[in-house]
S.K.: 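The structure is given below, and queries will be raised subsequently.
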Amino acid sequence: MTPLATLLTLSSVLFALGLLAVLTRRNAILVLVGIELMLNAANINFIAFWRYGPPDPQLTGPMFVMFAIAIAAAEAAVGLAIILMVFRHTRSTDLNKLDSLHG
Amino acid sequence: MTPLLILAPLILLAALGAVWMARPVHAALMLALSLALVAVLYLALGADFIGLVQFAVYVGAVAVLIVFSLLITRRGDEAEEIQRRPKSLVTGLICSLPVLAVLLYVVSQTQTGKPERETLPQLPLKELGITLFTTHAPAVLGIAVLLTAVMIGAALFARETGKTPQNPDGK
């Protein structure tokens, strides 16, 4: 297995683990944890292709990762603020109990 | 190649802990460990700056933010989570295993061949900065606007309004 294939496999498994966390967790904050794992999996791909791909003077891979990290930080801040607001209203972060829009 | 083979299983173990740990705080700490190991992976791959950014932003900010949110919203009903797990686990596996299978199939079909560069490339910081503020200057401005909006929005969302009808005991 080449290093690139190893990194791509690592990133695939990490993405699947993140997806599993998003689908199985009932605590809204732990769903965000899964989303962070998936974002990291994508970032690993960018760095892997930068490292083992042809030389790129434009540094597209690292540049993309930097922007992705900035967006991920913003997403976590807004997500947690929304969860805190929901918690203040319902005293719970359990996604199964947040069903006031249920038909 | 060797640091890769050591780091990859560690990252996956930490991520598995983040997915599996019953106590939310333990899961968040495992996420922090996993993110820190990914930062080490970036350092091992030669992307020093990205590794340090990953460490500062993810481990220093996002993981700590998540831990603090968990402490604020703690209700002590983890036992319920454990009881409910088997049912949701089956659903989660049904959805995530096909995704994993497709991704691994694509990886196995990719002709990665020999690496084009055998030596460790250095991330040239000077070029990174020049590219960031010339080619990607509009994107940097966009990020600046986004972060300002996020800061104001998060402060608006999270501030105490005093109008919490279902919360008679106050906070």
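Every heavy atom of this structure was used, including side-chain atoms; hydrogens, water molecules and symmetry mates were not. Proteins get letters first, then strands, A, B, ... in listed order; numbering begins at 1 in each.
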S.K.: Please look at A/V65 and chain B and tell me whether the side chain, the backbone, both or neither of the residue comes under 4.5 angstrom of a heavy atom of that chain.
M.R.: side chain
S.K.: Closest approach of B/Y58 and A/E36, non-hydrogen atoms and distance?
M.R.: CE2-OE1, 3.0 Å
S.K.: What distance separates B/I66 CD1 from A/L30 CG, expressed to the nearest 0.5 Å?
M.R.: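 Reported to 0.5 Å precision, the distance equals 8.5 Å.
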S.K.: Which bit of B/P124 is near chain A, if near means a heavy-atom gap under 4.5 Å: side chain, backbone, both or neither?
M.R.: both
S.K.: Select one option (side chain, backbone, both, neither) describing which atoms of B/L128 are under 4.5 Å from chain A's heavy atoms.
M.R.: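 Both backbone and side chain.
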S.K.: Below 4.5 Å from any heavy atom of chain A, which atoms of B/L16 appear? Answer side chain, backbone, both or neither.
M.R.: both
S.K.: Can you list everything that forms a side-chain contact (heavy atoms from CB on, under 4.5 Å) with B/L12? Sequence neighbours excluded, please.
M.R.: A/L10, A/V13, A/L14, A/L17
S.K.: Under the ring-ring contact (aromatic ring centres under 6.0 Å, His included) test, which residues partner A/F64, sequence neighbours left out?
M.R.: A/F46
S.K.: Check each atom of B/A8 against the heavy atoms of chain A and say whether the ones under 4.5 Å are side chain, backbone, both or neither.
M.R.: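 Contact with chain A: backbone and side chain both.
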S.K.: What part of B/S69 gets within 4.5 angstrom of chain A, counting heavy atoms only: side chain, backbone, both, or neither?
M.R.: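 When you check distances to chain A, atoms from both the backbone and side chain of B/S69 fall under 4.5 Å.
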S.K.: Sub-4.5 Å heavy-atom contacts with chain A: which residues of residues 133-142 of chain B show up?
M.R.: B/T135, B/H136, B/A139, B/V140
S.K.: Would you mind reporting whether B/Q54 and A/N40 have side-chain heavy atoms less than 4.5 Å apart?
M.R.: yes
S.K.: Taking all non-hydrogen atoms of both residues, which atom of B/V19 and which atom of A/A21 are closest, and how far apart?
M.R.: CG2-CB, 3.9 Å
S.K.: With only heavy atoms counted, which part of B/L93 is less than 4.5 Å from chain A, the side chain, the backbone, both or neither?
M.R.: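 Both the backbone and the side chain of B/L93 come within 4.5 Å of chain A.
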S.K.: For residues 73-84 of chain A, dump all side-chain donor-acceptor pairs below 3.5 Å to protein atoms at least two apart in sequence or in another chain.
M.R.:
none

S.K.: For B/L65, which atoms come within 4.5 Å of any heavy atom of chain A: side chain, backbone, both, or neither?
M.R.: both
S.K.: So which atom in B/L100 and which in A/S12 form the shortest heavy-atom distance, rounded to 0.1 Å?
M.R.: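 For B/L100 versus A/S12, the nearest heavy atoms are CD1-O, 3.7 Å.
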S.K.: Quick check on the interface: out of B/L132, B/V57, B/V38, who has the most heavy-atom pairs with chain A under 4.5 Å?
M.R.: B/L132
S.K.: Is B/F68 in contact with chain A via its backbone, its side chain, both, or neither, using a 4.5 Å heavy-atom distance?
M.R.: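 No part of B/F68 comes within 4.5 Å of chain A.
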